[in-house]
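A short worksheet on the structure shown next.
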There are 2 protein chains.
Amino acid sequence: MQNYSAAADPAPDPRVEMLVNDLIGRVADKWTLLVLEELEEHGTCRFTRLAQLVPGISQKMLTQTLRAMERDGLVRRTVYPVVPPKVEYALTDLGHSLGEAFCGVWHWAEAHLAAVEAARSAFDAGT
Amino acid sequence: MQNYSAAADPAPDPRVEMLVNDLIGRVADKWTLLVLEELEEHGTCRFTRLAQLVPGISQKMLTQTLRAMERDGLVRRTVYPVVPPKVEYALTDLGHSLGEAFCGVWHWAEAHLAAVEAARSAFDAGT
DNA sequence: TGCCAATACTCTCCAATGGAAAGTAGGCAC
DNA sequence: GTGCCTACTTTCCATTGGAGAGTATTGGCA
């Protein structure tokens, strides 16, 4: 386990490490994760549907998050030149692969929900 | 909300889904992830060492992140009543399990770094 | 003719968050 | 006493995020 860190990694390239940290910092965003989840679950979606699907997101953040994800190659944005406007968002292969990588985190959240809540109660009571 | 009837959905309970989303929202934080990584990699650390290890974190955010992680049962905080003060942070079993869950994400970041950068260049050039 | 509905943003205002740096506590060598 | 060490804590200010109104487009309706 943990072969991302490494006893067997004598000369970790600092540039790569920095870039990976940077990428993590951008991808590990609440809204990115939630949008990714909904797109995984529901497939291709339009803007307003996503806004309804992601709990509590504002239009501004949805636009911003989708733009960033598009720029990073995670989602594909398809505009239909009709009136009223129609824009569809879908995960790219890269987006799907990230969704699969995050799969473990969702499972963890489901599995350890009770443990986290217990820890919180204990902490709040103890201090 | 929607009819979650047809799909072979593993978690049709809306309460659980909401709690999981909430938990994801809290755990999917840039600093939490970075601190988790360093703690996984270096094991037990003191405050200032962690501050040096995590690139770009401020003391305030480090304190805040560590407190939140402690509350969620991810790290264990050990205070030695000596002078000058000495406080050690270590991952709990729960923290380790989360680290393993995020392992896939780090692998993804390493593996798809080039793809993301290519997508970014293409996006920036195309617009 | 002129107004409205529908959609995907975009803008504005304001509150909350995050970073930089200085301050705090409290024994101990001097 | 004075300064030092460490782990915070506080203060100030720039940036971010949320709520809600505004914008652009054009077919349909009165």
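Below, chains carry the letters A, B, ... as their sequence lines are ordered, and counting in each starts from 1. Computed over heavy atoms, backbone and side chain alike; hydrogens, waters and symmetry mates excluded.
- More than 12 heavy atoms of other shown residues, nucleotides or ligands fall within 6.0 angstrom of atom NE2 in B:His42.
- Each of A:Ser58 and B:Thr48 was matched to the nucleotide of DNA chain D holding its nearest heavy atom; the match closer to the 5' end belongs to B:Thr48.
- Per the geometry, CZ belonging to B:Arg46 stands 13 Å off C1' belonging to D:dC8, to the nearest Å.
- D:dT6 atom C1' lies 9 Å from atom CZ of B:Phe47, rounded to whole Å.
- Mapping A:Leu66 and A:Val83 onto DNA chain C by nearest heavy atom places A:Val83 closer to the 5' end of the strand.
- For C:dA8, the OP1/OP2 oxygens have no side-chain nitrogen or oxygen of A:Arg67 closer than 4.0 Å.
- Atom-to-atom, CD of A:Glu70 to P of C:dA8 comes out at 15 Å; the value is rounded to the nearest Å.
- A:Phe102 and B:Phe102 have perpendicular rings, their planes meeting at more than 60° on a 0 to 90° scale where under 30° would count as parallel.
- Residue B:Trp31 places at least one side-chain N or O closer than 4.0 Å to OP1 or OP2 of C:dG19.
- Between A:Ile57 atom CD1 and C:dA8 atom P the separation is 15 Å, expressed in whole Å.
- Using a 4.0 Å cut-off between charged side-chain N and carboxylate O, B:Arg26 and B:Asp22 make a salt bridge.
- For the pair B:Gln59 CD and D:dC12 C1', the computed distance is 16 Å after rounding to whole Å.
- Ion pairing between a basic and an acidic side chain is recognised when a charged N comes within 4.0 Å of a carboxylate O; A:Asp29 and B:Lys30 show no such pairing.
- If you find the closest nucleotide of DNA chain D to B:Lys60 and to B:Tyr89, the one lying nearer the 5' end belongs to B:Tyr89.
- One atom, CE of B:Met61, and another, P of D:dC8, lie 15 Å apart when rounded to the nearest Å.
- OP1 and OP2 of C:dA8 both lie 4.0 Å or more from every side-chain N or O belonging to A:Arg49.
- Atoms OH (A:Tyr80) and C1' (C:dA6) sit 18 Å apart, rounded to a whole Å.
- A:Leu34 places its CG atom 11 Å from the P atom of D:dG18, with the value rounded to the nearest Å.
- Between A:Trp108 and A:His112, the two ring planes are parallel [angle under 30°; tilted spans 30° to 60°].
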